[in-house]
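Since we're looking at a predicted model, the values are computed, not measured. Below, all heavy atoms of this structure are taken into account, side chains as well, without hydrogens, waters or symmetry copies.
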Amino acid sequence: WNDTSGDYRRALVSLVKPAPAVWAKALTGAMKGLGTADGLLINFMVVAKDHMDEVKEEFLALNKAPLAKWIASEISGDYKKTLVKLCESRPRYLSVGVWYWAQRCVDAL
């Protein structure tokens, strides 16, 4: 363990943590501070979509605020509507429209 440090150590630790906890932390990092890392935000929202309920729980525990509220405060327009809808929806009930707009957001970057 002493042979590891920095990014390599963080990567190893992330491998043993539950995925929703890692995604919640990554989403926080994408929105925290000045500006929003749109590419990271979109990617992690899409990656986490099948476990969104667990990610929202982890995010709430980490930040003391709901994920949808953070998203809504960081971005605007159709981009905001799409990601908030993705956050609030249950994966099996999402319409094709949400996935279409999520992909359009990625394409726009």
Side-chain angles (χ1 to χ4, degrees):
W1 184 252
N2 291 331
D3 294 338
T4 62
S5 64
D7 291 337
Y8 181 60
R9 178 180 241 162
R10 280 190 291 279
L12 290 175
V13 170
S14 293
L15 288 172
V16 296
K17 286 184 179 178
V22 174
W23 295 328
K25 189 171 181 178
L27 287 165
T28 300
M31 294 184 282
K32 201 168 193 170
L34 238 63
T36 300
D38 294 309
L40 290 175
L41 177 59
I42 292 166
N43 285 337
F44 280 106
M45 287 294 291
V46 172
V47 166
K49 71 185 180 325
D50 293 332
H51 303 278
M52 193 55 69
D53 288 339
E54 297 163 82
V55 172
K56 290 189 297 188
E57 287 176 24
E58 293 286 344
F59 191 91
L60 183 61
L62 182 63
N63 297 292
K64 310 295 186 250
L67 177 57
K69 185 175 179 178
W70 263 52
I71 290 171
S73 72
E74 291 288 322
I75 57 179
S76 62
D78 289 337
Y79 177 36
K80 171 183 168 179
K81 290 177 192 174
T82 301
L83 291 189
V84 168
K85 183 75 170 173
L86 180 61
C87 177
E88 293 175 343
S89 298
R90 297 209 177 267
R92 63 178 170 254
Y93 299 118
L94 288 177
S95 69
V96 172
V98 172
W99 301 121
Y100 170 79
W101 285 110
Q103 184 59 52
R104 296 284 299 180
C105 288
V106 170
D107 293 344
L109 294 177

Can you check whether F59 reaches I71 side chain to side chain, under 4.5 Å on heavy atoms?
no
Residue pairs involving residues 24-33 (criterion side chain to side chain donor-acceptor pair (under 3.5 Å); sequence neighbours excluded)
T28-N63
All heavy atoms of E74 vs all of G35, minimum pair found to be OE1-O, 4.1 Å
Between M31 and Y79, is there a shared hydrophobic cluster once you connect ILVMFWY residues whose side-chain heavy atoms come closer than 4.5 Å?
yes
Are M45 and M52 packed together at the side-chain level, in the sense that at least one heavy-atom pair is separated by less than 4.5 angstrom?
yes
What is the minimum heavy-atom distance between V46 and L86, and which atoms define it?
N-CD2, 4.4 Å
Group every Ile, Leu, Val, Met, Phe, Trp and Tyr by side-chain heavy-atom contacts under 4.5 Å, then state whether Y8 and L15 land in the same group.
yes
Work out which heavy atom in A24 is nearest to a heavy atom in V55; give both atom names and the distance.
CB-O, 4.0 Å
With a 4.5 Å limit on heavy-atom distance, are the side chains of T82 and K85 in contact?
no
Taking atom CZ of R10 and atom NZ of K17, what is their separation to the nearest 0.5 Å?
10.5 Å
Treat each ILVMFWY residue as a node, draw an edge where side-chain heavy atoms are under 4.5 Å apart, and state whether F44 and L60 are in one component.
no
If every non-hydrogen atom of K56 is compared with every non-hydrogen atom of C87, which pair is closest and at what distance?
NZ-O, 3.1 Å
Closest heavy-atom pair, L40 versus A30, reported as atoms and distance to 0.1 Å, is CB-CB, 3.9 Å
Any side-chain heavy-atom pair of W70 and L27 under 4.5 Å:
no
Side-chain heavy atoms under 4.5 angstrom apart, residues restricted to Ile, Leu, Val, Met, Phe, Trp, Tyr: same cluster for V47 and L41?
yes
Interatomic distance, L83 atom CG to D38 atom CG [nearest 0.5 angstrom]
9.0 Å
Could you state the interatomic distance from CD1 (I75) to NZ (K81), rounded to the nearest 0.5 Å?
12.0 Å
